[in-house]
Amino acid sequence: MATRIEPRDPLTQAQGVEQGYAQTARRWPSQPLVRRPHGVAELSGPRDLAHKLPPVKGDLAGYGAKRALGQLARLRIRVLDEDGAPLPGTVVEVWHCNSAGKYIHPNDTHDAPVDPNFYGAARLLTGDTGLIELRTIKPGAYPVPDTGGWWRPPHVHLSVWGRVWLSRLVTQMFFPGEPLNEADAILNAIRDPGARERCVARLVPSKGNEMIFEHQLVVRGRKGAAVLP
Amino acid sequence: MSRLVPTAEMTLGPFFPREFAQGANDLAGDFSAAIEITGRVTELDGKPLDNVILEIWQADAAGRFDNPGFSGWGRAATDAQGVYRFRTLRPGAAQGRAPHVNFLILYSGLMRQLQTVMFFSNASDPVLAVVKAKDRLIAKPDGPNRYRFDIRLRGGEETPFFDD
């Protein structure tokens, strides 16, 4: 069945230029974005992406002498469309910093220690119920490079493909109860409190040796014919 | 029917893993009739941007998006000079559309994805028709089987972007 994409809601999606995040005013277009009709190009998408983007590293925490520093966490992330239908077999890319707030990346000039047992990048495929599970450690907070003046709360970057080209989703997942969440310029660029809340994972009670965080991602798209603007 | 609200998009940030950004910019593979699309991505004041992530989606040479022998999806990153490069097939006209390549741009400081479209000529097309500065979406020939498509995020000669 065909997929329909409706316009973004300005309350639940960021609008581009944000006070307190200087780079946005150099990069977001000054001209209004243009509405276009949706046809086969916009409402189709790659079907065998896992060929080009094969799964890598289902466990970032390691074991024994190779165990990464930090608090063990299991992320259970479910990918759904707007109708609530799970997306099986879709690619999910995950990346986050180590427990001291350091990324293994040439752009990270932050003076925090590298953990030789942690490399924070994984690529997974969702299972039949749209779920990925990733064993990792909880990331630390860090000061934002070259903008000055704010600390990012612990967060996990997520990149997901939905059913069609227009359902691509790149976002971040936050952790519950973090005081830095209240002032984060990226989380708070979302005006609607409910939409912000849905970007924060839920801690599931666990007696095991891993904290369990459940989270849900909703990619754009409903069943139905395209609506012309 | 109840509807779930799409998750809020957020910036890619400056630390997208290097190996994720690489290895997917050659869509043409063993096809001999490849073209090259290159361009520079700049911000305000024309400053080139390093490690911008660009993803493309296009039809095959016959204008089909569902060819099992050709996946029209690719990803590239800009270098320190702001230059990206794709090797692909020249797409055909598809179902009322002129030949085109869809671009999606992700970067630190872009609070959500930006989308634009590259065309090969000022042909009749329902998407090109809604754009005022049409010439900025038309690639410039740059030698045999080479096309140049610069993307200016903001400022003079700003590239038109779409909201969907």
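Residue numbering restarts at 1 for every chain, and letters A, B, ... go by the order of the sequence lines. As a basis for the values below, the full set of heavy atoms in this structure was taken, side chains included, without hydrogen atoms, waters or symmetry mates.
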[X] versus chain B, heavy atoms under 4.5 Å apart: side chain, backbone, both or neither?
X        : result
A:Arg152 : neither
A:Arg198 : side chain
A:Leu158 : neither
A:Val160 : neither

So, A:Trp161 versus B:Trp73, ring centres under 6.0 angstrom or not? yes
Checking heavy atoms, do the side chain of [X], its backbone, both or neither come under 4.5 Å from chain A?
X        : result
B:Ile56  : backbone
B:Pro14  : both
B:Ser108 : both
B:Arg152 : neither
B:Leu12  : both
B:Leu49  : side chain
B:Glu55  : both

Heavy-atom pairs under 4.5 Å with chain B: which of [options] has the most?
options                               : value
A:Gly45, A:Gly221, A:Ala121           : A:Gly45
A:Ile104, A:Leu49, A:Asp192, A:Val219 : A:Leu49
A:Asp48, A:Leu80, A:Leu53             : A:Leu53

When only heavy atoms count and the cut-off is under 4.5 Å, which of residues 85-102 of chain A reach chain B? A:Glu93, A:Val94, A:Trp95
Carboxylate-amine/guanidinium contact [X] [Y], below 4.0 Å:
X        : Y        : value
B:Asp164 : A:Arg36  : yes
B:Glu9   : A:Arg168 : no
B:Arg97  : A:Glu42  : yes

What are the residues of residues 111-127 of chain B, in order of number, with any heavy atom under 4.5 angstrom from a heavy atom of chain A? B:Met111, B:Arg112, B:Gln113, B:Leu114, B:Gln115, B:Val117, B:Pro126, B:Val127
Interatomic spacing from CD in A:Gln172 to CE in B:Met10 - rounded to 0.5 Å: 6.0 Å
With rounding to the nearest 0.5 Å, note down the distance linking CD in A:Glu18 to OG1 in B:Thr11. 11.5 Å
Assert top hit (heavy-atom pairs under 4.5 Å, partner chain A, pool B:Asn102, B:Asn51, B:Leu110) equals B:Asn102
Minimum heavy-atom distance between [X] and [Y], given as atom pair plus value:
X        : Y       : answer
A:Lys52  : B:Leu27 : NZ-CG, 4.0 Å
A:Ser44  : B:Trp57 : OG-NE1, 3.2 Å
B:Leu44  : A:Ala25 : CD2-O, 4.3 Å
A:Thr171 : B:Ala8  : OG1-O, 2.7 Å

A:Arg27 charged N/C atom sitting above B:Tyr107 aromatic ring, 6.0 Å / 45°: no
